[in-house]
Amino acid sequence: MAVSHVLIAYDGAVASLPNVKRTKEEALKRAEEARTKLLNGDDFGQIARAYSDDTSASQGGSLGAFDPGTYVPAFEAMVKSLQPGQIGTVIETPFGYHIIRRDPVLEVHIAHLMVSWKGAERAPGTVTRSREEASKRAAEALAAIQGGGDWNGISRKYSDGPLAEQGGDLGWMAKGQLFDPLDGAAMDLDIGATTVILESPRGYHILKRLE
């Protein structure tokens, strides 16, 4: 899920800035005013920059994609109740009053195979192979995949990733949640397709789109 929001804080709200002196009643009135403008067609980003007390105001209120459990339950419940592009009613949390818009997000279900080498970034201590040996091993894995081999079995055999025993299943990923160059490659995959070998400071990678 992805979301943008406008936060109207009040004096005494959790994490409210020292310069916020408005009362709860004044905050609610300001939130309703901002929501009315949005429903009348005003640009969400401009309203966020003009009204919001959250640090996301400078990004037009965008919080991007998030995993369940990131925000307080009332906030996430509102997001889940909305369709992409829809603006919710004003809700209150310990941080103040929120106007929430659920944003569309491109999510793909990705599995990941990684072959690392000794000295690579975040390489497991058990990895002793050279970079050249890792490149050869990644090529063997890709050949096995392209030859119709079972992805999960190949992952267990070749991958140094922490989820190798689960077939490297990363779950649903939104754009921006993976590091380069994996991020762009993941979003370009068709269902069932795999990437070529991708290189990063962490190792050699192969991605597969599951859904």
Side-chain angles (χ1 to χ4, degrees), residues 1-20 22-112 161-163 166-180 182-184 186-187 189 191 207 209-211:
M1 293 182 291
V3 66
S4 294
H5 82 138
V6 175
L7 169 65
I8 310 297
Y10 50 81
D11 187 19
V14 173
S16 63
L17 297 174
N19 63 334
V20 174
R22 68 180 72 92
T23 65
K24 286 187 69 172
E25 292 73 18
E26 291 169 336
L28 178 57
K29 182 178 179 180
R30 182 173 169 84
E32 294 287 5
E33 177 183 298
R35 182 174 183 269
T36 296
K37 289 186 176 183
L38 291 170
L39 296 181
N40 287 336
D42 282 22
D43 178 73
F44 197 99
Q46 291 182 355
I47 291 296
R49 283 185 282 271
Y51 281 83
S52 186
D53 296 307
D54 190 63
T55 54
S56 64
S58 60
Q59 287 81 49
S62 176
L63 297 176
F66 67 93
D67 295 322
T70 302
Y71 300 110
V72 296
F75 188 97
E76 294 195 4
M78 174 56 75
V79 178
K80 291 177 182 178
S81 74
L82 300 173
Q83 295 299 314
Q86 186 178 6
I87 296 170
T89 57
V90 174
I91 65 164
E92 183 181 1
T93 75
F95 300 93
Y97 292 101
H98 305 260
I99 307 154
I100 296 170
R101 182 186 69 188
R102 182 167 180 174
D103 295 334
V105 61
L106 177 62
E107 296 179 321
V108 290
H109 188 182
I110 291 292
H112 171 233
L163 298 174
Q166 291 77 46
D169 191 341
L170 298 179
W172 288 90
M173 308 296 291
K175 186 171 179 61
Q177 288 187 295
L178 291 170
F179 54 87
D180 289 331
L182 276 61
D183 191 59
M187 298 303 144
L189 283 174
I191 294 175
L207 301 178
R209 183 174 173 186
L210 303 179
E211 298 179 74

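Hydrogens, waters and symmetry mates are skipped; everything else that's a heavy atom, side chains included, is used.
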With side chain to side chain contact (heavy atoms under 4.5 Å, CB included) as the test, would you mind laying out the steps for Y97 and K24 before giving the verdict?
CA-CA 9 Å; Y97 292 101; K24 286 187 69 172; 3.7 Å; yes
Considering only distance and modelled atom types, tabulate donor-acceptor pairs under 3.5 Å from the side chains of residues 8-19, sequence neighbours left out.
{"residue": "Y10", "atom": "OH", "partner": "E92", "partner atom": "OE2", "Å": "3.1"}
{"residue": "S16", "atom": "OG", "partner": "A13", "partner atom": "O", "Å": "3.0"}

Determine whether the side chains of S56 and D54 contain a donor N or O and an acceptor N or O closer than 3.5 Å.
yes
With sequence neighbours left out, the residues meeting salt bridge (Lys or Arg N to Asp or Glu O under 4.0 Å) with D53 are R22
Is the shortest side-chain heavy-atom distance between F75 and H5 below 4.5 Å?
yes
Inter- and intrachain pairs under side chain to side chain donor-acceptor pair (under 3.5 Å), touching residues 71-90, at least two apart
none
If we only count heavy atoms from C-beta on, is the L207 to L189 side-chain gap below 4.5 Å?
yes
Can you name the residues that form a side-chain contact (heavy atoms from CB on, under 4.5 Å) with T55, not counting sequence neighbours?
none
On a heavy-atom basis, the closest approach of A57 and A48 is CB-O, 3.5 Å
Mind checking salt bridge (Lys or Arg N to Asp or Glu O under 4.0 Å) for K29 and listing every partner two or more places apart, or none if nothing turns up?
none
Considering residues at least two apart in sequence or located in another chain, which fulfil the side-chain contact (heavy atoms from CB on, under 4.5 Å) criterion with L170?
I110, H112, L163, M173, L178
List the residues meeting side-chain hydrogen bond (donor to acceptor under 3.5 Å, both in side chains) with T93, not counting sequence neighbours, and say none if there are none.
H98
State which residues pass side-chain contact (heavy atoms from CB on, under 4.5 Å) with S4; sequence neighbours excluded, sorted by chain then number.
F44, S62, R101, D103
Mind checking the CD1-CG spacing from I99 to L38? Nearest 0.5 Å is all I need.
6.0 Å
Residue pair V79 / R102: nearest heavy atoms and the distance that separates them:
O-CD, 3.4 Å
Does the side chain of M78 come within less than 4.5 Å of L82's, by heavy atoms?
yes
Please list all pairs passing the side chain to side chain donor-acceptor pair (under 3.5 Å) test where one or both residues lie in residues 36-50, with sequence neighbours left out.
K37-Y51
Looking at side-chain heavy atoms only, is the closest gap between L7 and F95 below 4.5 Å?
yes
Identify, with sequence neighbours excluded, every residue that meets side-chain contact (heavy atoms from CB on, under 4.5 Å) alongside E211.
H109, W172
CZ of R35 to CD1 of I100: how many Å apart, nearest 0.5 Å?
11.0 Å
Taking every heavy atom of I47 against every heavy atom of A34, the minimum-distance pair comes out as CG2-CB, 3.9 Å
